[in-house]
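Take a look at the structure below.
The figures that follow rest on heavy atoms only: side chains count, while hydrogens, waters and symmetry mates do not.
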Amino acid sequence: MKNLLFVLLGTLLIISCKTDKKATSQMALSYPETKQVDTVTTYFGSDVKDPYRWLEDDRSDETAAWVEAQNKVTFGYLDQIPYRKSLKERLEKLWNYEKLSRPFKEGEYTYFYKNDGLQNQSVVYRRKGDSEAEVFLDPNTFSEDATTSLSTLSFSKSGDIAAYAISEGGSDWRKIIIMDAETKEIKEDTLIDVKFSGVSWKGDEGFFYSSYDKPKGSQLSAKTDQHKVYYHKLGTSQKNDELIFGGTPEEKHRYIGAYLTEDDRYMVLTASTSTSGNKLFIKDLEDPNATLITILNDTDSDSYVADSRGSKLYIVTNRNAPNQKIVIVDAANPQPENWKDFIPETEHVLSPSSGGGYFFAEYMVDAVSKVLQYDMDGKLVREIQLPGVGSAGGFGGKKDDKEMYFSFTNYKTPGTTYKFNADTGDYDVYWKPEIDFDSDDYESKQVFYTSKDGTKVPMIITHKKGIELTGKNPTILYGYGGFNVSLTPSFRITNAVWMEQGGIYAVPNLRGGGEYGKEWHKAGTKMQKQNVFDDFIAAAEYLIENKYTSSDYLAISGGSNGGLLVGATMTQRPDLMKVALPAVGVLDMLRYHTFTAGAGWAYDYGTSEESEEMFNYLKGYSPVHNVKEGVQYPATMVTTSDHDDRVVPAHSFKFASELQDKQTGDNPTIIRIEVNAGHGAGRPVSKIIEASTDVFAFTLYNMGIKQLKSEYKD
């Protein structure tokens, strides 16, 4: 560990306080002075300055000192907000209710996740028959500060052996621990350096997993782009694990996964060069001489084997079917020319699951769930009448399961779990949360607005019933718009607290997402990425024009790719919102692909190196490169984590530095840097509550809200 005095001295040497530059009208705020270095990169003859590149070094004392200084300013600012404590107390009170997952069967036991209320990590329980449930695995014991989390739990065919993966400090790098499921005793050495991986068992003998070679340089930020699949046989050393696929220098695959069909007959292998599109292979494990059979040898579609019956494969694909369909084919000749439609493509996007001898076709109809049940011959059995308008999840299970579970939620209704009879279609409430929030007092409404180019975009707006549309309602506009990700209605405790304060929560389904299939996704990628920002801007304008809010009471929010959305929107239209909340954002579009697995995002973004045209396009909206002198940007709180190895924190460090240097006017620009945390997965509940408190406090305070509703007064 570095000597504390040395670190503090380094802080004084490289970061001094600005005592006379930029303070808010509400409270004094002085930023640390961030040094600028003369770093220039030339792209196609154009020189691009990068004065804060030194912040990319996550292992340097200088960067550590900068983080410490920025957090001191940020938390000093937040500490002065009078109702911050009240917000946290309300969040803790509302969060403090029992939460149960959908149960699942493994061997003789039924397992489920449970959180008593404010436990930092949910606990895995199990029961045999009608016996009392017992603790099987408690992630709260993995580390003193609860920052080590459970990321994967997988059981062998018999259910007698379990393999679980842990993440330390929120990192994408995992360790896999193997235990006797009956005695809970660790069976052998821990597997290390595992990343972007499932655990897929072959009987009780061993399992497949995926990883990269450990990168040179920083484990958190160095490039990783050669994925590999291994087979681990129980009782052997990891160094002897068999390489199944990947590692060929002439053909890089950034994401490779292997899994088995339920009958253990076929190994299915997918290989991708980016986050969209994959090759597809199978291997018949009943044949000792079998080799990989190629189903698809290109990455022009997203395709996977969803189920099998004997030699019959059921493949979900968007090949020549942008909204996805299920095809059926014999494993002996599984190429596309032999495919036959099982569940054909429709006008709505399909997300299927199987269990109990049936397929369940969940469709997104304007981002809302509709579920149809089919038998294994493709005959429609029934439409499942859902409890309301919202998002359904589940309906999966093993072939012999006749009782299955599904969950239902929307923006104002906490998730409820239902027990479902696959043969009759009947279902009953299995578990309903007891929460101090009356959803009947709130309403959600879907509207359609027109984007810049005339495209109709849906948006769901949720708030208290009877709210007056005065144009002065605090409003959070949340978006994502990328990577084929669909934003469907779901309840969040944090948003409940926001709406209790009279706040409005609005979520548009922007292009770049998957709500309307592959074409909707592609319409927000590469040279069409501006469509996403235009859709978001148009959503804000709709809310303002219809008096839900105004620019003085509007906050825009998003994380990861959504952080890019916020960064691009606030630099293009700084007049449109009062508050900007870019979280763990991709903000340096010229260099994102040089870090960790970032090169795999090129399907959505393109890269600055592929062509001069693409370079100019990226530079034209890259948030880090579009902060201008003399512009008043909205009050901004950038949020990131020091161990984020998905979207490295340097993106946020550089963006915050640009804003602090060039911001004009009184609006604050601060950066909140979570320590010993990653991109978001496995984050302890206590840290989620603290971060949400700070986001809401910062937002309301900068909208000029003097005090909270009476029930939250200090």
Side-chain angles (χ1 to χ4, degrees), residues 1 58-59 64 67 71 92 95 99-101 111-126 134-155 161-181 183-199 207 209-212 214-215 218-222 224 232 238 559-560 583-584 596-597 639-649 672-692:
M1 183 178 292
D58 54 87
R59 298 177 299 173
V67 168
N71 271 342
E92 288 177 334
W95 205 294
K99 305 164 191 71
L100 264 67
S101 74
Y111 293 81
F112 60 94
Y113 291 77
K114 176 185 172 184
N115 192 304
D116 290 340
L118 292 174
Q119 287 177 289
N120 276 313
Q121 305 287 345
S122 293
V123 179
V124 184
Y125 286 81
R126 70 176 180 186
E134 64 173 2
V135 173
F136 176 67
L137 202 58
D138 184 358
N140 296 291
T141 65
F142 291 173
S143 62
E144 289 187 9
D145 60 0
T147 59
T148 299
S149 61
L150 175 66
S151 62
T152 301
L153 174 61
S154 179
F155 291 85
I161 312 168
Y164 64 93
I166 63 171
S167 167
E168 296 169 312
S171 172
D172 280 334
W173 291 99
R174 306 286 196 252
K175 295 177 179 178
I176 297 178
I177 300 168
I178 303 161
M179 66 186 293
D180 185 307
T183 65
K184 306 177 193 173
E185 294 179 355
I186 304 303
K187 288 184 65 70
E188 57 181 74
D189 291 342
T190 296
L191 275 63
I192 61 173
D193 298 337
V194 177
K195 188 172 183 180
F196 296 158
S197 177
V199 174
F207 54 82
Y209 68 96
S210 306
S211 194
Y212 302 88
K214 211 62 173 289
S218 170
Q219 182 178 323
L220 293 176
S221 59
T224 51
H232 177 73
Q238 183 182 6
S560 195
V584 293
T596 63
T639 53
T640 189
S641 301
D642 68 343
H643 278 63
D644 189 343
D645 51 2
R646 184 85 56 85
V647 180
V648 296
R672 187 187 190 279
I673 305 159
E674 194 82 69
V675 177
N676 201 25
H679 198 58
R683 200 175 186 190
V685 164
S686 57
K687 287 183 176 289
I688 296 173
I689 290 174
E690 289 170 0
S692 300

Atom pair [atom1]/[atom2] of [X] and [Y] - distance to nearest 0.5 Å:
{"X": "Ile688", "Y": "Trp95", "atom1": "CD1", "atom2": "CH2", "result": "4.5 Å"}
{"X": "Arg174", "Y": "Thr152", "atom1": "CZ", "atom2": "OG1", "result": "6.5 Å"}
{"X": "Asp189", "Y": "Gln238", "atom1": "CG", "atom2": "CD", "result": "9.5 Å"}
{"X": "Phe112", "Y": "Phe136", "atom1": "CZ", "atom2": "CZ", "result": "13.0 Å"}
{"X": "Glu690", "Y": "Arg672", "atom1": "CD", "atom2": "CZ", "result": "6.5 Å"}

*May I have the step-by-step check of side chain to side chain contact (heavy atoms under 4.5 Å, CB included) for Ile161 and Ile178, ending in yes or no?*
CA-CA 7 Å; Ile161 312 168; Ile178 303 161; 3.8 Å; yes
*Within a reach of under 6.0 Å around NZ of Lys99, are more than 12 heavy atoms found that belong to other residues, nucleotides or ligands?*
yes
Between [X] and [Y], is there a donor-acceptor pair closer than 3.5 Å when you use the side chain of the first and the backbone of the second?
{"X": "Ser143", "Y": "Thr148", "value": "yes"}
{"X": "Asp180", "Y": "Glu185", "value": "no"}
{"X": "Ser197", "Y": "Tyr209", "value": "no"}

Closest non-hydrogen atom pair between [X] and [Y], with its separation:
{"X": "Gln119", "Y": "Val123", "value": "NE2-CG2, 3.5 Å"}
{"X": "Ala146", "Y": "Asn120", "value": "CB-CB, 3.5 Å"}
{"X": "Leu118", "Y": "Asn115", "value": "N-OD1, 3.7 Å"}
{"X": "Lys175", "Y": "Thr190", "value": "CB-CG2, 3.7 Å"}
{"X": "Arg126", "Y": "Ala181", "value": "NH1-O, 2.6 Å"}
{"X": "Ser154", "Y": "Val199", "value": "OG-O, 2.9 Å"}

How about [X] and [Y]: do any of their side-chain heavy atoms sit closer than 4.5 Å?
{"X": "Ser149", "Y": "Pro139", "result": "no"}
{"X": "Pro684", "Y": "Thr147", "result": "yes"}
{"X": "Ser171", "Y": "Glu168", "result": "no"}
{"X": "Thr596", "Y": "Asp172", "result": "no"}
{"X": "Trp173", "Y": "Ser211", "result": "yes"}
{"X": "Leu150", "Y": "Gln121", "result": "no"}

*Residue pair Tyr164, Val124: steps toward the side chain to side chain contact (heavy atoms under 4.5 Å, CB included) verdict*: CA-CA 11 Å; Tyr164 64 93; Val124 184; over 6 Å; no
*Check the pair Arg646, Phe196 against side chain to side chain contact (heavy atoms under 4.5 Å, CB included), reporting the backbone distance first and the verdict last.*
CA-CA 11 Å; Arg646 184 85 56 85; Phe196 296 158; 3.7 Å; yes
*side chain to side chain contact (heavy atoms under 4.5 Å, CB included) between Ile177 and Phe142, intermediate numbers included*: CA-CA 12 Å; Ile177 300 168; Phe142 291 173; over 6 Å; no
